[in-house]
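The next block holds one structure in the form of structure tokens; read it before the comments.
A, B, ... follow the sequence lines: proteins, then strands. Residue 1 opens every chain.
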There are 2 protein chains.
Amino acid sequence: MSATYSITDLARQFGVTTRTIRHYEEQGLLSPRRDGTSRIFSNRDRVRLKLALRGKRLGFSLNEIRELFELYDLAKDEKKQLEEFLAKLEKRRALLEQQREDIEVMLNEISFFAGQCRRLLVGSRDDKTEKVA
Amino acid sequence: MSATYSITDLARQFGVTTRTIRHYEEQGLLSPRRDGTSRIFSNRDRVRLKLALRGKRLGFSLNEIRELFELYDLAKDEKKQLEEFLAKLEKRRALLEQQREDIEVMLNEISFFAGQCRRLLVGSRDDKTEKVA
DNA sequence: TCGGATCTTGACGTTTACGTAAAACGCAAC
DNA sequence: GTTGCGTTTTACGTAAACGTCAAGATCCGA
């Protein structure tokens, strides 16, 4: 019923190489079924790949991402370890909020610099370049 | 007049190793004066180290950070290359905004999960644990 | 003057996240 | 049947960002 994907399907969809996807499987991030020797990826795999790539953009290591996946799954089972999970979540939150701050600072600096640049570009020429792109 | 710092000063201030700082100098991110053979870091160096570490948190490579520093300095000189600078700034901005989006998504997911967890923790026990931490 | 702390420059080691090449299999089209 | 694409495993290579000694210079207080 649910859609399935070949390895190159997924690779193309997300702009990564097949090597990358195999690597993620080796690292335990993905676990596609097999049709003979070929990998068959489910929607679950697709979602995991998407999450993994987002995690990477945020600077998480593959190991950390795998841990998160495990906790994610685990949370459905054992209530006992929920506190541990919560603690990890809070750590992540703190990290992310730090990053968010960093990003705001950076964006502000970029705005400032861009403004400076545009002013210089306008002021320096004797063109009639009135249009401030 | 202006404060100066030894290599271990800076290392301690920012929670990195001296090796890291030497590495950054090798990569052209820092250029301390010398007192004989010893490195003497100025406030400018300190700021650069701070910026470098922030850049790292945002996933920039040391190479990219060095490029940014160079553009930063360069922008004071040549107006000619300001457009190039502006273009790079815009690329950064796009990247950062993507990251910001990623972070928002993540934070929302974390909030959601944390909520779920707390609900489970409360609902599962027959303690009188009324305090929802 | 001697020991300890701090600094230096090599230089090789390590981890992460893949790249890349080799050799072989399955299958569909021609 | 063979050409060719897509896939597989195996395995060595690599770039970045440091870690980790090693061996020596320098300074400083007891």
Given atom CD1 of A:Ile21 and atom P of D:dG6, what is their separation to the nearest angstrom? 15 Å
Does the side chain of A:Arg39 get closer than 4.0 angstrom to OP1 or OP2 of D:dT7 through an N or O atom? no
Ignoring hydrogens and geometry, is there a side-chain-to-backbone donor-acceptor pair from B:Ser61 to B:Glu64 under 3.5 Å? yes
Test your reading of the model: is there a side-chain donor-acceptor pair from B:Arg66 to the backbone of B:Gln27, 3.5 Å cut-off? yes
Restricting to non-hydrogen atoms, name the atom on B:Arg34 and the atom on B:Ile40 that form the minimum distance, rounded to 0.1 Å. C-CG1, 4.2 Å
Determine whether A:Met106 and B:Arg93 make a side-chain contact, defined as any pair of heavy atoms from C-beta on separated by less than 4.5 Å. no
Please report, rounded to the nearest Å, how far the P atom of C:dG26 is from the CZ atom of A:Arg34. 14 Å
Give the rounded distance in Å between these two atoms: CG of A:Asp35 and C1' of C:dC27. 12 Å
Atom CZ of B:Arg22 and atom P of C:dT6 are separated, to the nearest Å, by 13 Å
Do B:Asp73 side-chain atoms and B:Glu70 backbone N/O form a donor-acceptor pair below 3.5 Å? no
Heavy-atom pair with the smallest gap, counting every atom of A:Leu30 and A:Pro32: C-CD, 3.6 Å
Taking OP1 and OP2 of C:dC7, is either one under 4.0 Å from a side-chain nitrogen or oxygen of B:Ser6? yes
Generate the contact string for nucleotides 14-29 of chain D. Rules: B means base contact, S means sugar-phosphate contact only, - means no protein heavy atom under 4.0 Å. ---BBBB---------
For atom CD1 of A:Ile65 and atom P of C:dT16, their distance in whole Å: 13 Å
